[in-house]
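Let me begin by presenting the structure, written as structure tokens, before commenting on it.
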Amino acid sequence: DWFGFGLALQDDRLIVGSPMESSIGTWNGAVYIFQRQSKAPFGWVFCQKLLPNSPAEGARFGGVIDVDGEILAVGAPFSDFAVLD
């Protein structure tokens, strides 16, 4: 799934791209959000999985990621259009 291909870290939030993830179609991609917590066994807790709501086969959503404050930008380099639910 190429988990970790796209990464962004801000404060205690880690966003991990998995552009070859195929749960809703071949290589549509996904993004996983983790939160750092000192009491967690490994320090990070999974919070949310994001998928494109207009998936295109092979879009590779999550191949490019950036975060700035409350804004998360996720690229799907092999798609003309991908929007989060």
Side-chain angles (χ1 to χ4, degrees):
D1 290 347
W2 292 14
F3 183 85
F5 188 85
L7 292 171
L9 178 65
Q10 186 176 47
D11 301 324
D12 289 333
R13 188 173 27 178
L14 173 65
I15 298 98
V16 180
S18 185
M20 302 294 271
E21 201 270 350
S22 298
S23 64
I24 60 171
T26 305
W27 300 341
N28 284 325
V31 171
Y32 300 84
I33 299 175
F34 297 87
Q35 186 73 32
R36 184 186 338 236
Q37 294 184 359
S38 61
K39 294 182 182 183
F42 299 103
W44 294 93
V45 175
F46 170 74
C47 296
Q48 188 174 9
K49 178 180 178 180
L50 305 176
L51 299 168
N53 72 352
S54 299
E57 290 292 314
R60 298 183 186 152
F61 179 78
V64 181
I65 300 171
D66 198 8
V67 63
D68 184 11
E70 294 297 315
I71 299 171
L72 173 62
V74 180
F78 293 94
S79 173
D80 293 332
F81 183 71
V83 179
L84 292 176
D85 271 334

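The basis for the numbers below is simple: all heavy atoms, side chains too, and nothing from hydrogens, waters or symmetry mates. As the structure is a prediction and not an experimental result, all values here were calculated from the model.
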Residue pair Ile15 / Val31, side-chain heavy-atom distance below 4.5 Å: yes
Please report the shortest heavy-atom distance between Ala30 and Glu21, naming the atom on each side. CB-OE1, 3.8 Å
Does the side chain of Pro52 reach to within under 4.5 Å of the side chain of Ile24, using non-hydrogen atoms? yes
Please list, one pair per line, the donor and acceptor atoms closer than 3.5 Å that link side chains of residues 56-68 to other protein atoms, with sequence neighbours excluded.
residue, atom, partner, partner atom, Å
Glu57, OE1, Thr26, N, 3.1
Glu57, OE1, Thr26, OG1, 3.3

Closest non-hydrogen atom pair, Ile33 against Arg13: CG2-CG, 4.0 Å
CD-CD distance between Gln10 and Glu70, expressed to the nearest 0.5 angstrom: 8.0 Å
Could you list the cluster mates of Val16? Members are the ILVMFWY residues connected by side-chain heavy atoms closer than 4.5 Å, either directly or through other members. Phe3, Leu7, Leu9, Leu14, Tyr32, Phe34, Trp44, Phe46
Applying ring-ring contact (aromatic ring centres under 6.0 Å, His included), name anything that partners Trp2, two or more places apart in sequence or on another chain. Phe5
